[in-house]
Amino acid sequence: MKMMRHSVYILVQFLFLMVITHVEEERRVKRRTSQDEDDGSESEEERLRDQREREDLERNIRERDAAATRKLMDPKLSRKEEEEAIRRSKAFKEDDINSLRKVSRQEYLKKREQKKLEELRDEIEDEQYLFDGVKLTEAEYHELSYKKEIYELVKKRTEEDENMGEYKMPEAYDQEGVVDQEKRFAVALQRYRDPTAGDKMNPFAEQEAWEEHQIGKATLKFGSKNKKQTADDYQFVFEDQIEFIKASVMDGDKFDNDLPTESPETSKAKSELEKLQEDRKTLPIYPYRDDLLKAVEDFQVLVIVGETGSGKTTQIPQYLHEAGYTKHGKVGCTQPRRVAAMSVAARVSQEMGVKLGHEVGYSIRFEDCTSEKTVLKYMTDGMLLRELLGEPDLASYSVIMVDEAHERTVSTDILFGLVKDIARFRKDIKLLISSATLDAEKFSDFFDSAPIFKIPGRRYPVEIHYTKAPEADYLDAAIVTVLQIHVSQSPGDILVFLTGQEEIETAEEILKHRIKGFGTKIAELIICPIYANLPTELQAKIFEPTPEAARKVVLATNIAETSLTIDGIKYVIDPGFCKMKSYNPRTGMESLLVTPISKASANQRAGRSGRTGPGKCFRLYTAYNYYTELDDNTPPEIQRTNLASVVLSLKSLGIHDLINFDFMDPPPAEALLKALELLFALSALNKLGELTKVGRRMAEFPLDPMLSKMIVASDKYKCSDEVISISAMLSVGNSIFYRPKDKQVHADNARMNFHTGNVGDHIALMKVYNSWRETNYSTQWCYENYIQVRSMKRARDVRDQLEGLLERVEIELTSNLNDLEAIKKAITSGFFPHSARLQKNGSYRTVKHPQTVYIHPSSGLAQVLPRWVVYHELVLTTKEYMRQVTELKPDWLVEIAPHYYQMKDVEDPGSKKMPKGQEDKRVK
DNA sequence: GAGCACTGC
């Protein structure tokens with residue numbers, strides 16, 4: 001350890017020397033240049049010679065600097081190395097800022113030049129500073145003071161580490177005491193390997209060249225005639241930093257860590273099960289067990305406020321089981337997500353020492369892991385809704401627990417209304433609604449003032465920081481903040497919330513570029529992007545443990561807000577935005593817009609930093625913004641979505657009076673009417689609003705009603721095989737084609753292969769599915785065709801499920817692969833309300849509720865522009881786009897939906913005058 | 001020639 005400190009000292013001295021030598025040389029240059037300035041009339045030759053000399057000088061400095069850098073690279077000194085890199089990087093930063101802010105570089109340099117000149121004039125020769133007996137100018141003095149500061153810092157850290165007992169090498173790929181050069185190299189290699197270059201190439205070549213260049217630039221400043229540059233640089237850097245104000249601390253819940261701890265020997269002697277039972281008693285909920293059971297006995301409905309980590313999801317059902325509630329029926333617990341249902345069930349079965357699927361089971365789509373013996377059943381909320389179709393009074397359940405109710409998914413919202421109703425006529429059923437703190441009152445009010453039962457959780461305090469002033473460019477601000485944290489805060493991973501894939505990709509690019517500016521002299525920063533559409537193998541990266549001395553920065557969408565938790569996050573950066581889907585019932589158009597988040601959401605994000613220890617959250621907006629401009633809660637999904645399938649489910653549950661259905665937050669009446677209107681058009685409902693036979697069959701399918709109708713209609717056209725493939729592909733949505741930024745052309749070409757013959761997007765999707773099936777569901781084939789394997793597997797699952805359901809509604813599985821017209825007619829039977837006609841200017845006009853729309857450029861028909869089309873959905877992005885388009889013949893509309901279209905709707909006044917051969921001239 | 005937050009049945 002003493003050696004460490006000694007070498008620290010040597011290094012700092014070395015640094016001092018270096019700077020002093022710099023200073024000397026700089027002065028020489030300065031003398032030269034000021035002479036030039038005085039002279040004013042230097043000849044071209046003199047100027048050139050001067051320049052050469054200066055260049056020589058600069059090269060010398062640069063070389064020496066490079067040597068110093070190499071010396072700095074000694075692995076034992078990497079802490080200092082880091083500090084040095086920080087200093088150095090501040091000088092590099094200017095470039096990044098320029099390129100980022102897109103300020104004209106010339107303009108910037110000119111301004112700076114002016115400022116320098118002014119400062120030079122102001123400089124008074126006599127005003128010099130003394131440092132170690134050497135006379136210095138102010139700038140030089142600051143430079144050295146800064147170094148000294150670093151020295152102090154390093155010293156302090158070393159001492160701290162000493163006190164901790166063990167000093168760990170920052171770049172700790174090394175074993176104790178031994179430098180594992182190979183390991184280091186492997187890590188570095190992985191970091192810098194250019195995916196496009198072969199292994200033969202020097203993996204560091206690019207990095208080296210760049211560093212060289214940057215060092216050159218940095219030293220150039222010492223040698224240039226602009227004297228006070230160094231000081232100015234720092235000022236500039238500091239100006240760029242974002243100032244945060246620590247405004248509040250989100251309290252962690254207090255909990256004892258001094259629970260009876262046992263020596264390892266005794267716990268080893270115990271069986272696995274006993275140990276788990278012991279663990280259960282350490283959960284915060286345990287002391288409340290008896291009170292809770294008493295409350296459940298006394299009241300039919302109970303709202304439970306349990307913070308994360310309280311153990312409510314795993315324990316409450318077990319307590320109920322132990323108290324004998326399962327004798328008269330199952331205990332059902334709903335979760336908003338599949339993985340949650342699965343993993344919780346697995347955990348509970350372990351704790352109870354039973355096999356998963358026996359007493360404890362779970363039920364999710366595509367996977368029913370329950371048996372006759374099952375008494376504790378975890379399931380997704382949508383699954384319980386499906387079960388309600390077959391068992392409207394939930395007779396086999398004695399307790400229903402709706403977990404994570406505050407998330408307010410469409411399914412939970414509907415469940416609320418239904419279970420409230422069931423509880424009224426089934427006095428023996430118990431309801432537990434678990435939610436977050438904020439909404440508890442609201443839930444209690446909804447359930448006729450049900451009592452609220454609070455359970456503390458385990459959470460660490462989180463410091464909340466706001467910016468001092470609003471940030472104009474939140475992406476840039478987020479990146480700056482990441483770097484700020486990286487160089488100034490103690491170890492711990494960073495989580496940044498961004499809005500979408502594109503933003504994450506740009507942020508990643510900029511960050512990588514900037515890190516290069518820091519060179520190899522700074523602790524490693526591992527960038528992990530995460531969004532739902534990212535291929536699974538790339539997603540796994542975020543769960544890998546961060547190597548010591550490195551820092552992980554996770555760039556995530558909202559997916560990290562609820563759906564997945566990442567260990568080791570200590571810092572959260574919250575720009576305050578997310579993409580939110582909204583639905584306009586009047587036009588039937590969906591849009592996905594970047595919107596400010598709600599307070600609830602902001603707090604949820606902040607909480608993500610306090611899971612494994614005290615955390616910090618940096619909000620890129622002001623405290624004022626937070627209090628005045630953010631809504632308390634995000635509007636529940638049911639108020640901003642297409643209700644067609646909701647209405648169909650409710651109707652098939654026998655609920656006719658939808659306007660008076662007991663919604664906790666009723667959706668807009670207009671949206672309900674629109675849904676009813678659509679279902680009537682699809683003949684799922686009759687004129688009285690009652691479910692028809694067609695409607696009953698449609699409700700069997702867990703799909704959008706238009707897709708269900710398409711399947712029901714396919715019976716008539718004898719092409720159910722093809723149509724369920726298309727339905728499955730459409731229902732997995734728009735994540736089938738993978739389109740990486742750097743290979744867009746290839747991806748587009750691959751996609752266009754499926755569009756040969758201008759068959760339309762629906763048939764193209766079918767071709768994709770069939771081709772994949774022909775290759776025996778090959779993963780390789782997916783890669784070759786830029787198709788996401790995950791989506792295809794999902795499509796296969798959906799298709800299998802649909803195939804099973806066909807039997808239930810008595811539709812024969814028939815294939816009619818070559819009769820495209822039949823398939824298109826089946827599509828039209830489901831999607832006739834979504835028809836559009838070409839206009840003269842290349843845009844389209846929807847037929848029934850006229851509005852101007854366009855074919856989405858990703859469609860195979862975007863260039864073809866057929867005269868009549870049906871579309872799958874309408875989305876508002878930059879324009880009103882139709883996604884997934886297929887051509888149709890107008891008379892089909894009258895043939896298939898005579899109640900919806902009349903001849904006058906589909907007659908084209910312009911077309912009669914236009915000769916057939918000139919159709920293509922119609923568009924420009 | 002545009003861009004797709006996240007779930008769920």
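Numbers restart at 1 for each chain; the letters A, B, ... are given by sequence-line order, proteins then strands. For clarity, every value in this text was computed on a predicted model and none was experimentally measured.
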- [ ] Round to a whole Å and report the spacing from CD of A:Glu407 to P of B:dA5.
- [x] 19 Å
TODO: Check whether any side-chain nitrogen or oxygen of A:Ser858 sits under 4.0 Å from OP1 or OP2 of B:dA2, and answer yes or no.
DONE: no
- [ ] Side-chain contact test, heavy atoms from C-beta onward, threshold under 4.5 Å: evaluate it for A:Val419 versus A:Tyr397 and give yes or no.
- [x] no
TODO: Let me know the distance between CD of A:Glu367 and P of B:dC9, rounded to the nearest Å.
DONE: 11 Å
- [ ] Report yes if the side chains of A:Tyr854 and A:Met882 come closer than 4.5 Å at any heavy-atom pair, otherwise no.
- [x] no
- [ ] Output yes when at least one side-chain N/O atom of A:Thr380 is less than 4.0 Å from OP1 or OP2 of B:dC9, else no.
- [x] yes
TODO: Using a 4.0 Å heavy-atom cut-off across all strands, classify A:Leu385 as base, sugar-phosphate, or nothing.
DONE: nothing
Open item on the list: Among B:dG1, B:dC4, B:dG8, which nucleotide has an atom closest to any side-chain atom of A:Arg338?
Closed with: B:dG8
Open item on the list: Mind checking if A:Thr557 touches a base, just sugar-phosphate, or nothing, with heavy atoms under 4.0 Å?
Closed with: sugar-phosphate
Which pairs of donor and acceptor atoms, one on a side chain in residues 589-597 of chain A, lie under 3.5 Å apart (sequence neighbours left out)?
unit_1	atom_1	unit_2	atom_2	d
A:Ser591	OG	A:Ser582	OG	3.2
A:Thr595	OG1	A:Leu593	O	2.9

Task: Length of the CE-P vector between A:Met342 and B:dC9, whole Å - done: 11 Å
Open item on the list: Once you apply a heavy-atom cut-off of 4.0 Å, does A:Ser411 come out as touching a base, just sugar-phosphate, or nothing?
Closed with: nothing
Task: Rounded distance (Å) that lies between atom P of B:dG8 and atom CG of A:Asp704 - done: 18 Å
Show which side-chain atoms of residues 869-879 of chain A pair as donor or acceptor with protein atoms under 3.5 Å away, not counting sequence neighbours.
unit_1	atom_1	unit_2	atom_2	d
A:Glu873	OE2	A:Arg883	NE	3.2
A:Glu873	OE2	A:Arg883	NH2	3.3

- [ ] Could you tell me whether A:Arg337 contacts a base, only the sugar-phosphate backbone, or nothing, with contacts defined as non-hydrogen atoms closer than 4.0 Å?
- [x] sugar-phosphate
Task: Protein-nucleotide distance (A:Glu387, atom CD; B:dG8, atom P), rounded to Å - done: 17 Å
- [ ] Tell me what A:Tyr881 touches on the nucleic acid: a base, only sugar-phosphate, or nothing, going by heavy atoms under 4.0 Å.
- [x] sugar-phosphate
Side-chain donor-acceptor distances from residues 701-712 of chain A under 3.5 Å, at least two apart:
unit_1	atom_1	unit_2	atom_2	d
A:Asp704	OD1	A:Met706	N	3.0
A:Ser708	OG	A:Asp704	O	3.2
A:Lys709	NZ	A:Leu682	O	3.1

Task: Separation of atom CZ in A:Phe577 from atom P in B:dA5, rounded to whole Å - done: 16 Å
Open item on the list: Quick check for you: among B:dA2, B:dC9, B:dA5, whose closest atom lies nearest to any side-chain atom of A:Thr877?
Closed with: B:dA2
Task: Nucleic acid contacts of residues 792-802 of chain A, taken as heavy-atom distances under 4.0 Å to DNA chain B - done: none
TODO: Name all residues meeting the ring pair (Phe, Tyr, Trp, His ring centres under 6.0 Å) criterion together with A:Tyr621; count only those two or more places apart in sequence or in a different chain, and write none if there are none.
DONE: none
- [ ] Write out all pairs satisfying side chain to side chain donor-acceptor pair (under 3.5 Å) with one or both partners inside residues 643-654 of chain A, taking only residues at least two apart or from two chains.
- [x] none
Open item on the list: Can you measure A:Leu415 atom CG to B:dT7 atom P for me and round it to whole angstrom units?
Closed with: 20 Å
- [ ] Identify, between A:Glu502 and A:Leu703, the residue whose nearest nucleotide on DNA chain B lies closer to the 5' end.
- [x] A:Glu502
TODO: Using a 4.0 Å heavy-atom cut-off across all strands, classify A:Met580 as base, sugar-phosphate, or nothing.
DONE: nothing
Task: A:Gln863 CD - B:dG1 P separation (whole Å) - done: 7 Å
Open item on the list: Between the side chains of A:Arg608 and A:Asp574, is the shortest nitrogen-to-carboxylate-oxygen separation below 4.0 Å, so that they form an ion pair?
Closed with: no
- [ ] Using only side-chain N and O atoms of A:Arg365, determine if any of them is under 4.0 Å from OP1 or OP2 of B:dT7.
- [x] no
